[in-house]
Amino acid sequence: MAAAGAMERSFVELSGAERERPRHFREFAVCDIGTANAVAGAVKYSESAGGFYYVESGKLFSVTRNRFIHWKTSGDTLELVEESLDVNLLNNAVRLKFQNCSLLPGGVHVAETQNHVILLILTNQTVHRLLLPHPSRMYRSELVIESQMQSVFTDIGKFDFRDPYNYQLIPAAPGLSPNSTTSAAWLSNDGEALFALPSASGGIFVLKLPPYDVPGMVSVVELKQSSVMQRLLIGWMPTAIRGDQGPSDRPLSLAVHCVEHDAFIFALCQDHKLRMWSYKDQMCLMVADMLEYVPVNKDLRLTAGTGHKLRLAYSPSMGLYLGIYMHAPKRGQFCVFQLVSTENSRYSLDHISSLFTSQETLIDFALTSTDIWALWHDAENQTIVKYINFEHNVAGQWNPVFIQPLPEEEIIIRDDQDPREMYLRSLFTPGRFTNAALCKALQIFCRGTERNLDLSWSELKREVTLAVESELQGSVTEYEFSQEEFRNLQQEFWCKFYACCLQYQEALSHPLALHLNPHTNMVCLLKKGYLSFLVPSSLVDHLYLLPDENLLTEDETTISDDVDVARDVICLIKCLRLIGESVTMDMSVMMEMSCYNLQSPEKAAEQILEDLITIDVDNVMEDICSKLQEIRNPIHAIGLVIREMDYETEVEMEKGFNPAQPLNIRMNLSQLYGSSTAGYIVCRNVCKIASTRFLICRDLLILQQLLMRLGDAVILGAGQLFQAQQDLLHRTAPLLLSYYLIKWGSQCLATDVPVDTLESNLQHLSVLELTDSGTLTANKFVSSPQTIVELFFQEVARKHIISHLFSQPKAPLSQTGLNWPEMITAITSYLLQLLWPSNPGCLFLECLMGNCQYVQLQDYIQLLHPWCQVNVGSCRFMLGRCYLVTGEGQKALECFCQAASEVGKEEFLDRLIRSEDGEIVSTPRLQYYDKVLRLLDVVGLPELVIQLATSAITEAGDDWKSQATLRTCIFKHHLDLGHNSQAYEALTQIPDSSRQLDCLRQLVVVLCERSQLQDLVEFPYVNLHNEVVGIIESRARAVDLMTHNYYELLYAFHIYRHNYRKAGTVMFEYGMRLGREVRTLRGLEKQGNCYLAAINCLRLIRPEYAWIVQPASGAVYDRPGASPKRNHDGECTAAPTNRQIEILELEDLEKECSLARIRLTLAQHDPSAVAVAGSSSAEEMVTLLVQAGLFDTAISLCQTFKLPLTPVFEGLAFKCIKLQFGGEPAQAEAWAWLAANQLSSVITTKESSATDEAWRLLSTYLERYKVQNNLYHHCVINKLLSHGVPLPNWLINSYKKVDAAELLRLYLNYDLLEEAVDLVSEYVDAVLGKGHQYFGIELSQKILDKLEDYQQKVDKATRDLLHRRLL
């Protein structure tokens, strides 16, 4: 509308403490000396309330910004609360109990100094001064940068309430007037606390406390009408001797205005006169008769005044204004004056305005330099608030404030509705009942039952349900009754509890005072149970809600510059109001249910119109039609109203603060309106607007249906009927649905989410890279519960709105003041833009998703989807996210696929696919699929990943990189699910060879770990055979041999393909490594089996091809990740030389197999030899076997590898030597290795020892294994003689037969001359025929005869020689 920016004409009340738990007041008792003898309750005053605003509360960069104190007095109790719209204050509520005293109504005054906030409190017996620290002195920073702060009341418990410098008894003389309740208090420039009170004898007395930090005396000054000052110290003069002074000048209302070195005290007295006193001079400076300004004052002059009230307002530019309310029965009058001074310090009043009102009981009023705000309470117990500009008003017309009505007295429940559910919904719908009212009702309802009343909203709901159900069950006396009887009984008890709640809600809603901050123009209504705020109405809401008498006098220029258009709009609004007044509750419910059930609002409006026409007994329809005749252009008027209510915009709001602004400014602005109270007020305003405009749209739809029904060209104009049908109806219906949706969100409570759920959700969103979108911030200090719109405002929208408001300020921010009506209007408007369903932004839905409000998000999208075609893809994506959380995976997948078609068209989806580095690697839709696939992967839904990736492949087309990525994804998740065949199929289709090789490697490893080797072996591996072999070989050579079975897998792989030579090679290599790397008995067993398997493989091949290449030995296989240039020690390795290829045939393998078996035999016999046996050669094994006493095995090994048996005989000889000289332990040990050898016959009698058996074994071996040159005898004898062991006879005899000469040589070598002589003698004898059989000498008879003849000759010659020597 042309003048839409004009000043709003009405305000709406919004409660600010609906769902808080009852405040936790810290209680302190104030015990005053001298009041103990007073009778408690002797004086009863009415409840009162008041408020204080900080001087800099309207400055943008002040620590006291948007901060104020309000209080309530009742009897001896004072409740003080500090509020902030920016931060959540801690310890901000205190309750002071003044024992044996009653607080004066309006007896609390607050003053502010640079360092302190000072409370001046008056009771009927005492005055008090409380010093609290100023907020600017409580914080290091001058800026508001924290989400919560300490209140000025935090340390009030440290204050000494009995400090004589800070409290004083009211003196008996002059004494407090018993019937007066007014008072005033202020601070002087010197810091003195002054209290002005009505004197018992009339007039005023002022009690002064010295400055808190300067010792001094308390004094009392009485101001008399005679202008003679009388200074009294406490208790000096009794009242009786102060002269006669009638009570007519007793003040009814006091107010103080401080000037530089003085204080002007204004007193509105019982004689209807206003008196102005100078405290400094103790003089009455002016007396003005207020009845001179009252038109009919004859009756008033004859009676003492009651109910008169006085208020002051000071403007630096305009001076001091005085607002006076003159009370008369059934009428009242406001008079506004301006104080005028002359050069002679004389003062007079300049009458500005007189305003009349018919309301009877004025509770309070507030004055500014332009307006009067008044609060009444009428005979019907209704609260009435109005305001008026006392200089520029039309015929004294007051502007209304639409007070929040009490909840409906009766709940209508249909037959198909559950009474409990309907009553609970009404009781706990946000905006209806306060927590305090429900708690009090619960306490009364459960009389005699102890219950904890410090309950949260959800806990309270549960307690209420239990309480009513318990009362219901306790009243049932019969065991059986019908369902209808139970329903009636249930409705009776719930109705009883509801009536109790309604009673307490009404009591708590009783108004006590107005609180107006002239710096911010914020008006609050202080009620008995809570605080409410007044916010301006928009023009459309103002016209729709305005009473008829106000609508008649409405200034048309505020609607449009065109008078005809303005009159058309007013007539249209009148028609809408007639329709709204005619719509019944059932009709209203019908429209709401059609919106909720996703039915056509146009059809519902048409049905309501039918019903209205049917039940029209007052001819309302005729009145509407007649008023329609007065509208010159109804189409234009309707379009004007629709445009005014439509928040659709193409421009998206900036996100975040302007980085060009300094950091301290951005941090300060980040907390503006950040408290839970401010958030609640803003969102209640949104709810109120949405509710009102839903009704306007509903009535507008009905009116349009009426216009269509009339179809009169005279009304519509030629050719406009079609336009009305096609344009206006299709614009109004979405408007109605939009406001219904916002209203629903403003009443839908958010769910408390566990921390682990939030962390899990954050992890999922981090995959989508949405955690920096501004929708995920800590929400730690909000009172619970909150609606989803509140959640959105506090978590996301507020910062966007504030940054937008101050992004391009008209003036420097340091000079910017906060105007509450402007700010709340702008913030609400921008919040409605962010919430508006058809706007391009998607922050609201994103916030719900980010804060795990999945049920609410699902319901919201369900309500949004059929009619709103904006952000369709984003909604489908978020709905899919909801389905993921609720475990409906297939539905989620459908939603994700549906959202893909909108990629590139919507802001949220564009941000979703935007990469961190800004690089575009594929098409937007493929990037979207990638994000969703990653989300499904993190959530753990591989089946859905496979389905979505399969769908995305068609989108990839010829993009081989994307194809490779998607097919790799399909492969991975098939493999994870155990779908081995499908995983292999996906692997074969990967176009990227490097990715394919990686996947192949993963397939091998995973199937091996799962022991699914049959699948791994049987896959065909077309064009991948060598790669598979290489992978398995590299894995086999890189991992632990005993943990993994890659060699066996490779063996099976080659066997399956009949490649026996490679299979044999694999097993032979496996056996070699086992011997080298696995020094265990199990390793040796496996080594033997490996060699057997290799032999079997070669035997399956034709003999000419039965060979393999000797596998590399040593550290030939590269360690994974090892440097090719350096060894284990980091030293440079020599350049590799050409290695000779060695061919192994079947015989070689059989030898190795035999060696492996012998190694195992040794290990089984002697476990300590396992560590060295595995990689020992045949020669080394002979030594090890001899050491272990396995001589048979050693001989077998020597024979296999054609090795000499010398080490065996030497070893056995040595063991015999040890046994020969060893003791019993050696004998016992010897039996073990003796038993391991195959003796011809083991003799175990007592006559046979281990030593004997060892010698016998040696003898057996010497007889069994004969070689040329009798090498083994030689080595045995050599061994024995080298150790000085006498040769056994059997050995001598045995060796004499084969080589007596070598035996003689050995004797001589070891200096055994006697044995040598004996041997020679025996040999000679043997040669001569005596014992020749012992030397193996065979002689014929002829030779024997010759030897005998020769012997006789020798004997004869010998005797002759001896004979000659004797001679």
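If you check the side chains of Ser509 and Tyr530, you find a donor sitting under 3.5 Å from an acceptor. For the 3.5 Å distance criterion, the side chains of Ser62 and Thr64 qualify, holding a donor opposite an acceptor. Inspection of the Thr77 and Ser74 side chains reveals no N or O donor paired with an N or O acceptor under 3.5 Å. Between the side chains of Asn66 and Ser57, no donor-acceptor pair is found at a separation under 3.5 Å. Side chains of Gln114 and His134: no donor on one and acceptor on the other come within 3.5 Å. In this model, no donor atom of one side chain and acceptor atom of the other lie less than 3.5 Å apart for Asp76 and Ser102.
Between Arg250 and Ser177 the shortest side-chain heavy-atom distance falls below 4.5 Å. Residues Gln168 and Thr126 fail the side-chain proximity criterion, which asks for heavy atoms closer than 4.5 Å. Using a 4.5 Å cut-off on side-chain heavy atoms (C-beta onward), Ile265 and Trp186 make contact. Side-chain contact between His128 and Asn166: absent, with no pair of heavy atoms (C-beta onward) separated by less than 4.5 Å. Between Leu104 and Thr123 the shortest side-chain heavy-atom distance does not fall below 4.5 Å. Residues Trp277 and Leu285 fail the side-chain proximity criterion, which asks for heavy atoms closer than 4.5 Å. The closest side-chain heavy-atom distance from Cys269 to Arg275 is below 4.5 Å.
Under the 6.0 Å distance and 45° angle rule, Arg311 counts as a cation-pi partner of Phe365.
In this structure, the ring of Tyr347 has its center less than 6.0 angstrom from the ring center of Phe264. Between Phe11 and Tyr387, the distance separating the two ring centers is shorter than 6.0 angstrom. Taking the six-membered ring for Trp, Phe266 and His257 have ring centres at least 6.0 Å apart.
For NZ of Lys309, the number of neighbouring non-hydrogen atoms (other residues, nucleotides, ligands) closer than 6.0 Å is greater than 12.
The nearest pair of heavy atoms linking Leu310 to Ala267 is CD2-N, 4.4 Å. Of all heavy-atom pairs between Phe390 and Ser369, the closest is CZ-O, 3.3 Å. Scanning all heavy atoms of the two residues, the minimum distance from Thr182 to Leu197 falls at O-CD2, 4.2 Å. The two residues Leu80 and Phe153 make their nearest non-hydrogen contact at CB-CZ, 3.7 Å. Here the closest non-hydrogen pair linking Tyr53 and Pro518 is CZ-CD, 3.3 Å. Ala49 and Ala513 make their closest contact through O-CB, 3.3 Å (heavy atoms, listed as atom of the first residue, atom of the second, distance).
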For this session: Would you check, one step at a time, whether the test side-chain hydrogen bond (donor to acceptor under 3.5 Å, both in side chains) holds for Asp262 with Ser278?
Result: CA-CA 7 Å; Asp262 197 0; Ser278 168; 2.5 Å; yes
For this session: Determine, step by step, whether Ser15 and Ser532 satisfy the side-chain hydrogen bond (donor to acceptor under 3.5 Å, both in side chains) criterion, reporting the C-alpha distance in whole Å, the side-chain angles of both residues, the deciding distance to 0.1 Å, and the verdict.
Result: CA-CA 4 Å; Ser15 168; Ser532 61; over 6 Å; no
Exercise. Does the side-chain hydrogen bond (donor to acceptor under 3.5 Å, both in side chains) test come out yes or no for Gln150 and Asn91, once each step is laid out?
Worked result: CA-CA 7 Å; Gln150 293 292 341; Asn91 303 306; 2.9 Å; yes
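Note on ring orientation: taking the six-membered ring where Trp is involved, the planes of Phe28 and Phe161 are tilted (angle from 30° to 60°).
From Leu131, atom CG reaches atom NZ of Lys158 across 14.5 Å, with rounding to the nearest 0.5 Å.
Ionic pairing of Glu13 and Lys527 is present here: one or more N-O contacts between side-chain nitrogen and carboxylate oxygen are shorter than 4.0 angstrom. Residues Glu82 and Arg67 are paired through a salt bridge, judged by an N-O separation under 4.0 Å between the basic side chain and the carboxylate.
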